[in-house]
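Shown next, in C-alpha cells, is the structure this report addresses.
Keep in mind that this is a model prediction, so the values were computed, not measured. Scope of the values below: all heavy atoms of this structure, side chains included, with no hydrogens, waters or symmetry mates. In what follows, chains are A, B, ... by sequence order, proteins preceding strands, each numbered from 1.
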Amino acid sequence: MEFALFLGCNIPIRLKQYETSSRAVLEQLGVTLVDIPEFNCCGYPLRNIDLKAFVLSSARNLALAERQNLNMIVLCKCGYGTLRMAQHLMKENTSLREGVNANLAKEGLKYEGDIQVKHLLTVLFNDVGTEAVKKKVTRPYENVKIATHYGCHALRPSSVVQFDDPVAPTIFDQLVEVTGAKSVDWSTKLECCGGPLAGIHDELSLDFTKKKLADAKKAGAHYMTTGCVFCQIQFDAVQKRIEAHTDSNPHVPSILYSQLLGLCMNINKDALGLDRNQIDITGLERFMAANDPGLNSA
Amino acid sequence: MKGVLRTLFSAKVFILLKVFVLDVLFQRWLMRKDFLRWLAHMCIYGGFLLLLLMHGLDKLITSVLFDDYYPTLNPFIFLRDLSALVVIVGIAMAFYRRRLSRMPRPKTTAIDYYALIILSLIMISGIFLEGTKIVSHSRYQDMVDEYTGLQDPEELNALEAFWADKFAVASPDVKEPFDKDMLIEGEQLHEVSCAGCHAPPQWAFMGYGVAKVIRPIASPLDRANVHTLLWYLHFMACFFGLAYLPFSKFFHIFATPAFLLADAVMEEGKSDPANIATKQAMQFDACTHCGDCTTRCSVAVAFNEIPNPNILPSEKLVAFRSLLSGNGLSEKRLMTIQEGSHICTDCHRCTDVCPVGINLEDLWLNLNRYLAELGYPKPERWARKAIEADFDLTKLKDRTLSLTTVDKGFTSALTASAQASTFTVCFGCQDCTNVCPVVGNYENPKKVVGLLPHEIMHSLALKQKELALGSKMLWDCVTCYICQEHCPQGVRVTDVLYELKNLALRHLMAKTT
C-alpha cells in the first residue's frame, strides 16, 4: 500500500507531532509513504478569496501525485475536504478544469482526475482495516472515555467528500474502540470546532470551541481525539489559551488519533511527540492495561 | 557605538572573523544551499573583485605592490582576461537560471537585470577596447615614437613587420608576406625597445580574439578613433555602475555582509532592542531579489488566478519596504498589499530557503501587524468590519426594496458556477437557517448576522446585490456544511456563501478605492 503523503502548510511547522506519529503508525501497519516536496497549499485558505485560485492550488497537488501515479493520504480534514471538493468541481465543470490545466501546463503538469484522495482515518479503516490495526495494539487502554471529533470538512458535503455517513458516522468511533478506549456519545460531536473563524471572528470562534469542550465534558469524556490540524489546534493550543483566561473550564485535553493509536501500539515516544502538545496528555498512560508486558519494556 | 566597541573587545570578535571569512568571503551558506548558484555567484563576485583590485585600481594597488607592473605584462595581461571570462561565465549562468525556472516567480524587473547588464557592458566594452587597441596602428605609432629613437625607415619597417606578424597590429605600411630576415631584425629591435613592457597579446586571449576578427576593418576603426570611444564607454559603464550602486541590487554587496555579521553576533532578547530594530531594517537591503522564496512559496501558484504580485514573498518584501519608507501609499496600493500579505499560510518555507538567511516569517508577521494598525487587517475580518459600518439591517426595516437596487449582472457570476447556481431551486423552507449553528448561537441572530442563510438565498433570487453581499452572515459562516447537507432541494448553501464571499471582497475593494 503506497500513498503520497500530503502534509499541507501547518503540520511541518505547527503540528510536527501529527506527522511523526502518523508516519510511525503507518509504517507499523505496512503503509508506504512517498514525499513530494513540490506540494503546495491545499487551497483551503484561498476559498474565501477566490474559487479559481483555490481549485488551481488543489489541482497542482493532485497533478503532482498523479504524475507519480499515487493516491494521496491527507492528515488534515480541511485539506482532505478541499482536495476532494476541487476534484468534484473539476469533474462537474469542464471549463474550470480546462482553465486549471492551462495553468498547470506552464509547468508541464496535467490533472486527469485519476487518483483518489483519502484521509488518514479512511486509510486506516478501509485500506488497512480495523482487524489489522487491532493486531498491532499491544497495550490497550482500559476505562478511558474518549470523545471523537469528526471534523466538518471531512464529513460534509457527504456527496463530495464521501468520508462516512454524514448523520451517523462510525469510522472514527470504531477506530477508537479498537484501542480499548470507550468512545462516548456526545451532542455536538458532528459540529464545528470554531477553527475556520479564528482570526476572522474570534469571539464566535471561541463560542464554538467552548461549547464543544463543555459538551464533551458533560458526556464524561476524559480526552478528546481529532484527526485534523485545525481542530487539534483549537482543542489544544486554543483551549490552553482559554484556560489561561477563565477560571471554570471543562479541561478536556485533545490527542491526535495517530498519537492515541501509536501509544497503545507501543511506538517510540519521540515519534509520538506527546510532549509537543500544549496541554499535557501523558496522563493517558494511567489508563493502560497494567499487567501488559509492554508496559515494563517501555 | 558603545555596542560596537564592546563587541570588538569581546569574544564576539572571533565569531565575527569566522563569519567574515566563511560566510562573507566564501559564502558558505550559499554553497550549502545550492552549489550551482554558489558557483555562478563566486564567478561574478570573485572575477569582478580581482578585476577591480588588479586592473581598475592598478595605480593604487597593483603598481604599489609590484614595482615592475605593466598591464601589458604577464601575469597581469592574462589574469585580466581570465577574470573577465570568469565574470562572463557567471553572468551567463545567472541569466540562464532566471530564464530556466517555470514556476510563477517575480517578474524579473529592470533592477534585477541592471546589475547583470552593467557588468556585461563593462566586460564587453573592456574586451573590445583591448581588441581595438591591439590592432590600432596609431597606438603603435605613438609607442614607437615614445620608446624608440629609430629614424632608419628600414628598421622602422622591420619592427612594424614584426608587430604586424606577432602582435596583430594592422599596419597600412607593411604588407604580408614578410621577409624572414626582416622579421628577425624586427624581433631584435623589439627585444631592445618593447619586450620589457610587452608580453605577446595572445595572453590577452579574449582581446586578441576580437583583434583577429576586426583586423580587416582596423584602419577605418582607427581613423574613427573607435578605441577612444570604447574607452569612454568602458569608463562610463564603470562610473555609472558605481554611481547607481546604492540604488541597485549591487547594494547587497555591502548590505548582505553587514546583515550576516550582525546576525552572527546579535541574539534576540539579549541585544539592545534598538540594535535588533536596525538588524531588521538591514534585512530589506540584504535581500538580493533572487526569487528563491517565491519559487518555494506554498501559495505562489495562486498568482496565476489572482494577479497580485504581493502574494509572492520576493515582491511582498519590496512592498513592505515602500510601505515603511513613509511615502503615503494610495488606498488601492495598500489594499493590494493587504490582499497579498494575507494570502500566506505562514508555512515558513520562504524563511527556510532564503540564501541570505532573512527571517521572512518574522517580517510577514510584522507586516500584518503594521497593516492592521493602518486599518487593513485580514481581508475577511476587514470585510466584516466594512459591512458592519456600511450596512445596518435595522435601518432597512420599514422600507420596501426598491427595484433600482436590482442588479441583473450580479447573479450571472453565480449562475455560471454549477454549485452557486443551485440557489435558483430554493423554495424557502428555511431548513438551512434552522440547522445553522451560527444562527443557533444567538438569541437575536438577525441583529448580529444580518440576513439569515435562507434570506440570502432569497436576495439572490431577487438579484439584490447589496443585500446579498452586505450580510455579515457571509463572514460569520463557519463553513460546517450542515445547511448544505440538510437542504431538501440540493441547494449548495455553504458553497454559495463561499462564492458570495469571493464576490463581496471584490465588490468592497472596488467600492473603497
Side-chain angles (χ1 to χ4, degrees), chain A residues 8-10 12-14 38-57 59-60 78 81 85 88-89 92-93 95-96 99 103-104 106-108 152-153 155-159 161 166-167 188 190-197 199-201 204-205 207-208 211, chain B residues 102-104 296-306 311 339 342-349 352 361 377-381 383-384 416-420 437-438 441-442 448-449 472 474-486 490 492 494-495 497-499 501-502 504-506:
Chain A
C9 295
N10 283 299
I13 193 78
R14 275 175 278 278
E38 292 89 356
F39 274 153
N40 53 262
C41 165
C42 66
Y44 176 62
L46 295 163
R47 293 182 68 172
N48 282 336
I49 313 287
D50 190 281
L51 175 89
K52 281 187 184 165
F54 126 57
V55 177
L56 174 61
S57 200
R60 185 170 178 272
C78 297
M85 181 59 85
H88 177 79
L89 290 173
E92 94 182 334
N93 185 340
S95 77
L96 179 67
N103 273 315
L104 292 179
K106 295 180 201 164
E107 277 190 85
C152 302
H153 294 149
L155 212 51
R156 293 178 293 263
S158 56
S159 59
V161 291
V167 185
T188 51
L190 308 183
E191 281 187 22
C192 170
C193 64
L197 287 181
I200 298 171
H201 189 351
L204 184 54
S205 167
D207 281 353
F208 275 87
K211 187 162 170 234
Chain B
R102 295 164 302 187
M103 267 300 284
R296 187 78 188 106
C297 174
S298 185
V299 290
V301 60
F303 180 62
N304 288 302
E305 288 293 348
I306 310 171
I311 295 171
E339 183 189 60
H342 282 97
I343 298 182
C344 169
T345 59
D346 295 323
C347 70
H348 219 275
R349 287 204 213 168
D352 294 340
E361 184 74 23
K378 196 175 168 73
E380 291 99 320
R381 204 190 179 101
R384 206 176 160 273
S417 152
Q419 55 173 356
V438 174
N441 193 50
Y442 298 111
V448 188
V449 301
K472 258 197 321 193
L474 293 183
W475 307 105
D476 290 350
C477 169
V478 281
T479 70
C480 67
Y481 278 104
I482 293 181
C483 50
Q484 187 157 328
E485 198 66 49
H486 273 78
R492 301 203 211 156
T494 313
D495 289 324
L497 296 188
Y498 262 128
E499 290 203 33
K501 281 184 265 189
N502 293 180
L505 270 182
R506 257 168 264 157

Quiz item: Tell me, side chain or backbone of A:I49 under 4.5 Å from chain B's heavy atoms, or both, or neither?
Solution: both

Quiz item: Can you say whether B:I482 sits under 4.5 Å from chain A via the side chain, the backbone, both, or neither, judging by heavy atoms?
Solution: both

Exercise. Count the heavy-atom pairs under 4.5 Å between each of B:R349, B:H486, B:E499 and chain A, then report the option with the highest count.
Key: B:R349

Quiz item: At their closest point, which heavy atom of A:Y44 faces which heavy atom of B:T479, and how far apart are they?
Solution: OH-OG1, 4.4 Å

Exercise. Name the region of A:L89, side chain, backbone, both or neither, that has any atom closer than 4.5 Å to a heavy atom of chain B.
Key: side chain

Quiz item: Is it the backbone or the side chain of A:F54 that comes under 4.5 Å from a heavy atom of chain B, or both, or neither?
Solution: neither

Quiz item: Could you give the distance from NE2 (A:H201) to CD (B:E380), rounded to the nearest 0.5 Å?
Solution: 13.5 Å

Quiz item: Should B:E305 and A:L46 count as side-chain neighbours, where that means a heavy-atom distance under 4.5 Å?
Solution: no

Quiz prompt | Sidechain-backbone polar pair: A:R14 side chain, B:D346 backbone, donor-acceptor under 3.5 Å | solution = yes

Quiz item: Taking atom CG of A:L51 and atom OH of B:Y498, what is their separation to the nearest 0.5 Å?
Solution: 11.0 Å

Self-check item: chain B contact via A:L197 - side chain, backbone, both or neither, heavy atoms under 4.5 Å
Solution: side chain

Self-check item: Which residues share a side-chain hydrogen bond (donor to acceptor under 3.5 Å, both in side chains) with A:E38, sequence neighbours left out
Solution: none

Quiz item: Within the distance-only criterion (no hydrogens, no angle test), does the side chain of A:D50 pair as donor or acceptor with the backbone N or O of B:N502 below 3.5 angstrom?
Solution: no

Exercise. Taking the side chain as every heavy atom from C-beta outward, state whether A:K106 and B:N304 have any atom pair closer than 4.5 Å.
Key: yes

Quiz item: Which bit of B:D495 comes within less than 4.5 Å of chain A, counting heavy atoms only: side chain, backbone, both or neither?
Solution: side chain

Practice problem: Side-chain contact test, heavy atoms from C-beta onward, threshold under 4.5 Å: evaluate it for B:T345 versus A:N10 and give yes or no. | Solution: no

Quiz item: When only pairs under 4.5 Å are counted, which of A:C193, A:S205, A:G199 shares the most heavy-atom pairs with chain B?
Solution: A:G199

Self-check item: Minimum heavy-atom distance B:Q419-A:E92, with the two atoms named
Solution: N-OE2, 4.0 Å

Quiz item: Which bit of B:E485 comes within less than 4.5 Å of chain A, counting heavy atoms only: side chain, backbone, both or neither?
Solution: side chain

Exercise. Name the region of B:Q484, side chain, backbone, both or neither, that has any atom closer than 4.5 Å to a heavy atom of chain A.
Key: side chain

Quiz item: Where does B:V448 contact chain A at under 4.5 Å (heavy atoms): side chain, backbone, both or neither?
Solution: neither

Quiz item: Is it the backbone or the side chain of B:C477 that comes under 4.5 Å from a heavy atom of chain A, or both, or neither?
Solution: backbone

Exercise. State, with a plain yes or no, whether a side-chain heavy atom of A:P157 is found less than 4.5 Å away from one of B:Y481.
Key: yes

Practice problem: For the pair B:S298 (side chain) and A:C41 (backbone), establish whether a donor and an acceptor sit closer than 3.5 Å, ignoring hydrogens and angles. | Solution: yes

Quiz item: Closest heavy-atom contact between B:V301 and A:R60?
Solution: CG2-CD, 3.9 Å

Self-check item: Contact class of B:D476 relative to chain A, heavy atoms under 4.5 angstrom
Solution: both

Self-check item: When B:R296, B:K501, B:R384 are compared by non-hydrogen pairs under 4.5 Å with chain A, the top option
Solution: B:R384

Practice problem: Below 4.5 Å from any heavy atom of chain B, which atoms of A:N48 appear? Answer side chain, backbone, both or neither. | Solution: both

Practice problem: Enter the distance from A:K52:NZ to B:I306:CD1 here, rounded to the nearest 0.5 Å. | Solution: 11.5 Å

Quiz item: Got A:L204 and B:Y442 here, is their nearest side-chain heavy-atom distance under 4.5 Å?
Solution: yes

Practice problem: Provide the closest heavy-atom pair for B:V478 versus A:F208 in the form atom of the first, atom of the second, distance. | Solution: CG1-CE1, 3.9 Å

Quiz item: Counting distance only, does the side-chain N/O of B:H348 pair as donor-acceptor with the main-chain N or O of A:P12 below 3.5 Å?
Solution: no

Quiz item: Between A:R156 and B:C480, is a side chain to side chain contact (heavy atoms under 4.5 Å, CB included) present by the stated rule, with each step listed?
Solution: CA-CA 7 Å; A:R156 293 178 293 263; B:C480 67; 4.1 Å; yes

